[in-house]
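In what follows, a structure is listed as structure tokens, so that the remarks can point back to it.
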Amino acid sequence: MASEPRARYDERLRARRGTAARTERRLRLLGNLRLATFLAGAAAAWPLLAAGQSALWLAPLVAGFAALVFAHGAARREHARALRAVSFYERGLARLDGRFAGLGRSGEAFGDPEHPYAAHLDLFGKGGLFELLSNAQTRAGVETLAGWLLEPAPPGPVRERQQAVEELRGSLDLREDLAVLGPEASVGLDPDALAAWGRAPARTTGPVARVAAALLAGSIIGSLALLPVLDAGPLLATVLLELAFWLRFRSRTRGVALAVARPLRDLALLAELLERIERERFQAPWLVAQRQALETNGVPPSREIARLRRLVDLLEQRRNQLFTLVAPFLLWSTQLGFAIEAWRARCGPHLAAWLSAIGQLEALADLSGYAFEHPDDPFPELLDGAPLFDGEGLSHPLLDAERAVRNDVRLDREHALLVVSGSNMSGKSTLLRTIGTNAVLAQAGAPVRARRLHISPLAVGASLVVRDSLQDGTSHFYAEIRRLRRVVDLCDGPLPLLFLFDEILAGTNSHDRGIGAAAVVRGLVEGGAIGLLTTHDLALARIADEMVPRAANVHFEDQLTDGRMSFDYQLRPGVVTRSNALALMRSIGLQVGDVPA
């Protein structure tokens with residue numbers, strides 16, 4: 001199964017490169033024709049004008065040049081989309097090869113250092129989990145995926161996302177189209193301004209004014225038609241009524257054309273993306289609900305946007321030199337201003353929902369892309385009830401699945417704590433990141449890197465990367481205890497805590513460290529939390545001994561052969577029996593003597 005994603009990506013990449021080559025040739029040809037037509041027109045204009053001939057003779061060349069300009073613009077957009085499709089599959093292959101770092105969005109803006117785990121589980125930054133997952137192009141899609149990784153969802157929504165991800169797993173056409181069309185919807189799009197425009201109070205007063213404007217315009221036409229048999233009195237009266245009506249609503253409709261210009265541009269950028277989603281027929285309940293959320297009174301948003309564009313196009317006709325004389329008598333600007341505001345009153349409140357639905361569908365497409373690229377990764381089973389993390393064959397999703405060493409970990413109310421000892425570089429920190437990252441993926445609705453995972457809703461709290469701050473005058477120890485305080489506070493939240501502590505309280509002496517670590521961990525376990533702490537200080541192994549049977553010691557080993565240190569990264573029961581610190585120092589040439597007995 002693992003070979004299928006690569007084969008399909010390779011096949012499609014070859015096809016998209018062929019398309020890109022064809023569109024490039026067409027683009028170059030149209031560019032040359034456009035230039036040749038311009039030069040031909042310039043060459044023909046001089047003798048014609050010098051001979052006093054009419055410039056109308058140049059009309060075919062001018063029309064041909066205009067057509068070529070239009071065709072060249074369309075070809076340029078088609079070529080750009082072909083190149084984006086090539087990039088989509090190149091990045092997919094790079095992810096399969098583990099070469100994705102730096103090729104996508106790192107999501108660093110979401111890496112809040114105060115978050116319970118974001119900065120400690122390699123979620124964001126170059127080569128992080130977000131860059132591995134994210135192909136979303138709109139801001140809504142990027143923010144939705146980040147939000148799912150940062151905030152665990154309840155089991156119900158997670159199960160719905162799993163169904164949706166499973167359905168979209170094979171929808172390679174849809175994911176490609178979202179990636180190809182998405183950049184056009186993300187460049188210059190301001191979703192906040194668009195949603196604010198939709199929510200703003202209406203400038204007009206409802207259907208009565210629209211009916212009155214239409215009747216007045218019809219009266220003008222009728223008065224003109226009857227002018228040969230009637231005097232000008234009715235026509236003059238109607239004109240005066242129109243003038244009064246226009247003065248009455250002028251302030252409300254004057255700014256409509258200006259106010260709609262920017263939102264219409266943003267909506268036009270979204271229209272193709274919306275239309276592509278509307279063409280998809282979904283089965284998963286969550287996808288069906290999101291698809292229905294896009295519709296306004298049963299009408300797809302792309303059709304609604306097309307209506308608005310037609311209204312604005314009609315409004316712009318008032319600038320036509322011939323029509324500009326007639327438009328005031330038809331209350332053209334006023335009527336279309338009413339119609340545009342009626343559109344906004346009907347559809348404006350839905351703009352935020354449209355953007356949200358697009359963002360959620362993009363985030364689901366990202367998770368389904370990950371599921372497609374890792375067909376051996378199963379969905380976890382979400383279980384209500386007591387705290388549980390029961391994983392078999394766990395490894396880290398950022399490690400090569402074929403070479404990563406897998407381990408089993410079970411934590412529940414009766415076995416709430418594992419104290420992980422081991423030498424430097426033996427895999428202790430990686431184990432914590434493996435557990436934490438898989439818990440994040442599980443509660444986002446994604447597959448996990450495991451043979452099996454049963455998990456209950458858990459709040460994840462991690463302390464793996466703690467730094468002092470020269471600017472803030474904060475020592476390493478003070479920074480760490482502040483971090484511990486934030487994790488401990490999660491016990492007061494609605495979810496049981498999964499805590500992950502790497503080298504807890506390493507910034508103080510061994511005596512205080514043992515007392516402090518035991519107190520913190522015991523308080524967490526008694527408060528219903530489950531978790532792990534790692535240490536190379538074997539004195540901390542006593543914490544598990546004092547909390548049997550709710551705690552246990554496990555360890556990683558190393559082997560020193562011919563001066564070279566090797567690790568098998570296999571988790572074993574009990575406490576590690578040796579340290580490799582001195583051996584490592586000697587292996588790089590440091591002269592370290594034995595400690596006297």
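All heavy atoms count here, side chains included; hydrogens, waters and symmetry mates do not. We're numbering straight along the sequence, starting at 1.
A cation-pi contact, defined as under 6.0 Å to the ring centre and within 45° of the axis, links Arg175 to Phe372.
Rounding to the nearest 0.5 Å gives a distance of 14.0 Å between OG of Ser395 and OH of Tyr569. Going from atom CD of Glu176 over to atom CG of Leu181 covers 9.5 Å, rounded to the nearest 0.5 Å. Between the CD1 atom of Ile455 and the CG atom of Leu382 there is a distance of 7.0 Å, given to the nearest 0.5 Å. Summarising the geometry, atom OG belonging to Ser463 is positioned 11.0 Å from atom CD belonging to Glu503; distances are rounded to the nearest 0.5 Å. Taking NE2 of His374 as the start and CG of Asp376 as the end, the distance is 9.5 Å to the nearest 0.5 Å. In this structure, CD in Glu373 is found 11.5 Å from CZ in Arg8, a value given to the nearest 0.5 Å.
Between Phe88 and Leu172 there is a side-chain heavy-atom pair separated by less than 4.5 Å. Residues Ile305 and Trp354 meet the side-chain proximity criterion, which asks for heavy atoms closer than 4.5 Å. Counting only heavy atoms from C-beta outward, the side chains of Thr534 and Leu431 never approach each other to under 4.5 Å. At a threshold of 4.5 Å between non-hydrogen side-chain atoms, the residues Thr437 and Pro397 count as touching. Residues Arg522 and Val525 have side chains not in contact (no heavy-atom distance under 4.5 Å, counting atoms from C-beta outward). Using a 4.5 Å heavy-atom cutoff, the side chains of Leu178 and Leu361 are not in contact. You'll find the side chain of Tyr370 reaches within 4.5 Å of the side chain of Leu441, heavy atoms only. Residues Pro387 and Arg413 meet the side-chain proximity criterion, which asks for heavy atoms closer than 4.5 Å.
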Donor-acceptor contacts, no H, no angles, side chain residues 493-501, under 3.5 Å, sequence neighbours left out:
none

What verdict does the side chain to side chain contact (heavy atoms under 4.5 Å, CB included) test give for Arg449 and Asp377, after you've listed the backbone C-alpha separation in whole Å, the side-chain angles of each residue and the deciding distance to 0.1 Å?
CA-CA 5 Å; Arg449 182 60 53 82; Asp377 287 5; 2.9 Å; yes

Test side chain to side chain contact (heavy atoms under 4.5 Å, CB included) on Leu367 and Leu145 and set out the steps.
CA-CA 9 Å; Leu367 297 186; Leu145 177 61; 4.0 Å; yes

As a quick check of understanding, evaluate salt bridge (Lys or Arg N to Asp or Glu O under 4.0 Å) for Arg159 and Asp384, giving each step before the final call.
CA-CA 12 Å; Arg159 294 184 189 108; Asp384 296 303; 3.8 Å; yes

Derivation of the side chain to side chain contact (heavy atoms under 4.5 Å, CB included) call for Leu129 and His396:
CA-CA 10 Å; Leu129 182 67; His396 199 291; over 6 Å; no

Go through the steps to decide whether Asp366 and Asn135 satisfy the test side chain to side chain contact (heavy atoms under 4.5 Å, CB included), and finish with yes or no.
CA-CA 6 Å; Asp366 286 345; Asn135 274 301; 3.4 Å; yes

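A donor-acceptor pair is defined here as one N or O able to donate and one able to accept, closer than 3.5 Å; no such pair exists between the side chain of Ser356 and the backbone of Ala353. Listed for the Glu160 side chain is no donor-acceptor partner under 3.5 Å among the backbone atoms of Pro285. Judged by distance alone, the side chain of Ser456 and the main-chain N or O of Leu388 form a donor-acceptor pair under 3.5 Å. Remark: the backbone N or O of Thr430 is paired with a side-chain donor or acceptor of Thr434 at under 3.5 angstrom. A distance-only check finds a donor-acceptor pair linking the side chain of His555 to the backbone of Pro573 [under 3.5 Å]. Judged by distance alone, the side chain of Asp568 and the main-chain N or O of Gln570 form a donor-acceptor pair under 3.5 Å. Without hydrogens or angle criteria, Glu131 side chain to Gly104 main chain gives a donor-acceptor distance under 3.5 Å. Formation of a donor-acceptor pair under 3.5 Å by the Lys428 side chain with backbone atoms of Val420 is not found in this model. Side-chain atoms of Glu362 come within 3.5 Å of backbone atoms of Gln137 as a donor-acceptor pair (strictly under, hydrogens ignored). Between the Glu143 side chain and the Gly141 main chain, no donor and acceptor come within less than 3.5 Å of each other.
Ring pair Phe110/Phe130 is tilted by interplanar angle, where 30° to 60° counts as tilted.
With respect to the salt-bridge test (charged N to carboxylate O, under 4.0 angstrom), the residues Glu90 and Arg16 do not qualify. A salt bridge links Asp173 to Arg12: one of the charged nitrogens lies within less than 4.0 Å of a carboxylate oxygen. A salt bridge does not link Asp408 to Arg410: none of the charged side-chain nitrogens sits closer than 4.0 Å to a carboxylate oxygen. Note on Glu280 versus Arg276: salt bridge recorded, some NZ/NE/NH1/NH2 to OD/OE distance being below 4.0 Å. Taking a cutoff of 4.0 Å between a charged side-chain nitrogen and a carboxylate oxygen, Arg6 and Asp10 do not qualify as a salt bridge.
A side chain to side chain donor-acceptor pair (under 3.5 Å) check over residues 108-118, counting only residues at least two apart or in different chains, returns the pairs Glu114-Arg486.
Across all non-hydrogen atoms, the minimal contact from Ala101 to Gly127 is CB-CA, 3.7 Å. Scanning both residues, Ala442 and Val158, for their nearest heavy atoms gives O-CG1, 3.4 Å. Of all heavy-atom pairs between Leu132 and Arg95, the closest is O-CD, 3.1 Å. What you find for Ala140 and Leu355 is that their closest heavy atoms are CB-O, 3.4 Å. In this structure, Phe124 and Gly107 approach most closely via the heavy-atom pair CD2-O, 3.3 Å. Between Ala195 and Ala352, the shortest heavy-atom distance links the atoms CB-CB, 4.2 Å.
When each of Leu524, Val521, Leu532, Leu411 is checked for a side chain to side chain contact (heavy atoms under 4.5 Å, CB included) with Leu417, only Val521 meets the rule. The only member of Asp122, Asp502, Asn438 that meets side-chain hydrogen bond (donor to acceptor under 3.5 Å, both in side chains) when paired with Arg433 is Asp122.
Counting non-hydrogen atoms of other residues, nucleotides and ligands closer than 6.0 Å to CZ of Arg169 gives a total above 12.
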